[in-house]
Amino acid sequence: MKHALISLLICWLFFTAHSCSVKHYGALQWPQVDKQEEVLCHSYYCFIYDTNHMQSRWLAYELAGEMTTGDARRSSRFFEDSLVLRGTANDDDYRGSGYDRGHLVPAGDMVFNDTAMRESFFYSNVSPQVPAFNRGIWKRLEENVRNYAQNLGMIYVVTGPVLDDDLPVIGGSNVSVPAYFYKAILVQNDSLNEAIAFLMPNERGEHRSLYRYSMTVSELERATGLNFFPQLGRRSTIEATVDTLFWQMYE
DNA sequence: CTGTAAAGC
DNA sequence: GCTTTACAG
């Protein structure tokens, strides 16, 4: 009890300079990673930052339905992330690049309080996205994910860029411009065990169904080299199948 | 902070 | 039309 109070005090003292150290997760487990790679966590999302590509390789968070309603005001600027000791990308990298600073954890998922909203504007949560993609089909996918959370209760989300070798770069920090972005989504409770993944090219989407870009989590794992939900175990059928009709029902 | 703009509801 | 996603000056 005493320790909890002390950490709350520390959290409060450093709140303006750092992200609050109190974490708000339930059973979140992040994607399996090499031992060399350091998983960093803010209050509402965890991530691994890839310094070669100057953006995160993945970000993982829990999204509950009630989180998607709130009125935290959207920040007008982005912030370098002090959790990343070797430094993140910055305003200059993106200025005049022709690319949007696209959120990976959507600001629209972080409206339930000001800490969450502010965290979503760290450069650890930003990748270069084609404007018509960010404001178009990627945004539509984000809205769908919020609907999943509202209709299913709580879901796990892992999202990020596909960081291949030899991508084009922008800015003085050489920020890679990904060719694809993905999301992996899992609902797991007493009555439901379902997962779905999306892999989308970083380009103006045609006016197609989102489910044209859907696949099993296993297929996305093969495409990205990541293991998204290690808590499911190696032989889980949840990752190996996808029921798009189920997910369409809960949009 | 103001103006502009595309996408999609 | 309005909102959300932004960028430029």
Side-chain angles (χ1 to χ4, degrees), chain A residues 42 44-45 47 54-56 59 61 63-81 88-152 155 157 159-162 168-183 185 196 198-214 244 247-251:
Chain A
H42 289 299
Y44 297 101
Y45 67 85
F47 64 102
M54 293 305 281
Q55 62 202 280
S56 292
L59 301 96
Y61 63 108
L63 184 64
E66 54 269 28
M67 294 163 72
T68 63
T69 56
D71 59 351
R73 66 184 178 83
R74 205 184 153 93
S75 167
S76 57
R77 48 166 300 204
F78 291 82
F79 306 91
E80 295 181 44
D81 190 337
T88 56
N90 56 55
D91 293 348
D92 289 335
D93 290 319
Y94 284 84
R95 185 173 299 119
S97 69
Y99 291 93
D100 273 11
R101 294 172 290 186
H103 284 70
L104 295 167
V105 177
D109 288 7
M110 297 285 129
V111 294
F112 54 92
N113 74 34
D114 290 338
T115 301
M117 178 59 75
R118 182 185 162 84
E119 287 181 358
S120 83
F121 278 81
F122 286 138
Y123 273 104
S124 53
N125 188 41
V126 170
S127 283
Q129 291 184 328
V130 171
F133 170 72
N134 180 32
R135 308 171 192 196
I137 194 165
W138 183 249
K139 184 183 166 195
R140 268 206 293 148
L141 176 58
E142 292 173 341
E143 288 164 349
N144 254 27
V145 171
R146 279 194 287 279
N147 290 339
Y148 297 153
Q150 282 167 7
N151 296 321
L152 292 168
I155 59 177
V157 184
T159 185
V162 179
V169 296
I170 58 169
S173 308
N174 291 328
V175 181
S176 296
V177 179
Y180 294 90
F181 289 92
Y182 64 82
K183 287 184 188 289
I185 295 143
I196 191 169
F198 295 88
L199 181 63
M200 292 180 168
N202 186 16
E203 62 192 30
R204 177 191 304 273
E206 309 299 321
H207 298 279
R208 293 172 179 153
S209 165
L210 291 174
Y211 295 94
R212 195 180 182 285
Y213 302 97
S214 68
T244 53
W247 292 99
Q248 285 182 68
M249 256 186 0
Y250 288 96
E251 279 182 19

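Residue numbering restarts at 1 for every chain, and letters A, B, ... go by the order of the sequence lines.
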Euclidean distance, atom [atom1] of residue [X] to atom [atom2] of [N] [Å, nearest integer]:
X      : N     : atom1 : atom2 : answer
A/L104 : C/dT5 : CG    : P     : 14 Å
A/I170 : C/dC7 : CD1   : C1'   : 13 Å
A/N134 : C/dC7 : CG    : P     : 8 Å

Between protein and nucleic acid, restricted to nucleotides 1-4 of chain C and to nitrogen or oxygen atoms under 3.5 Å apart, what atom pairs and distances do you find?
| residue | atom | partner | partner atom | Å |
| --- | --- | --- | --- | --- |
| C/dT4 | O2 | A/K139 | NZ | 3.2 |

Assess the side chains of [X] and [Y]: does a donor N or O sit below 3.5 Å from an acceptor N or O?
X      : Y      : answer
A/Y99  : A/N202 : no
A/E142 : A/W138 : yes
A/D93  : A/Y123 : no
A/S124 : A/Y45  : yes
A/H42  : A/N125 : no

Over all strands shown, is A/R204 touching base, sugar-phosphate only, or nothing at heavy-atom distances under 4.0 angstrom?
sugar-phosphate

Does the ring centre of A/Y180 sit less than 6.0 Å away from the ring centre of A/Y182?
no

Considering all heavy atoms, the nearest A/L141-A/K183 contact
CD2-CD, 3.7 Å

Please report the shortest heavy-atom distance between A/V111 and A/M117, naming the atom on each side.
CG1-CE, 3.9 Å

DNA chain B: 5'-most and 3'-most nucleotides touching chain A, 4.0 angstrom heavy-atom criterion:
B/dA5 to B/dC9

Would you call the rings of A/F78 and A/F121 parallel, tilted or perpendicular, taking 30° and 60° as the class edges?
tilted

Short of 4.0 Å, heavy atom to strand atom, which residues of residues 90-101 of chain A count as contacting DNA chain C?
A/G96, A/Y99, A/D100, A/R101

Between the side chain of A/S173 and the main-chain N/O of A/V175, is any donor-acceptor distance below 3.5 Å?
no

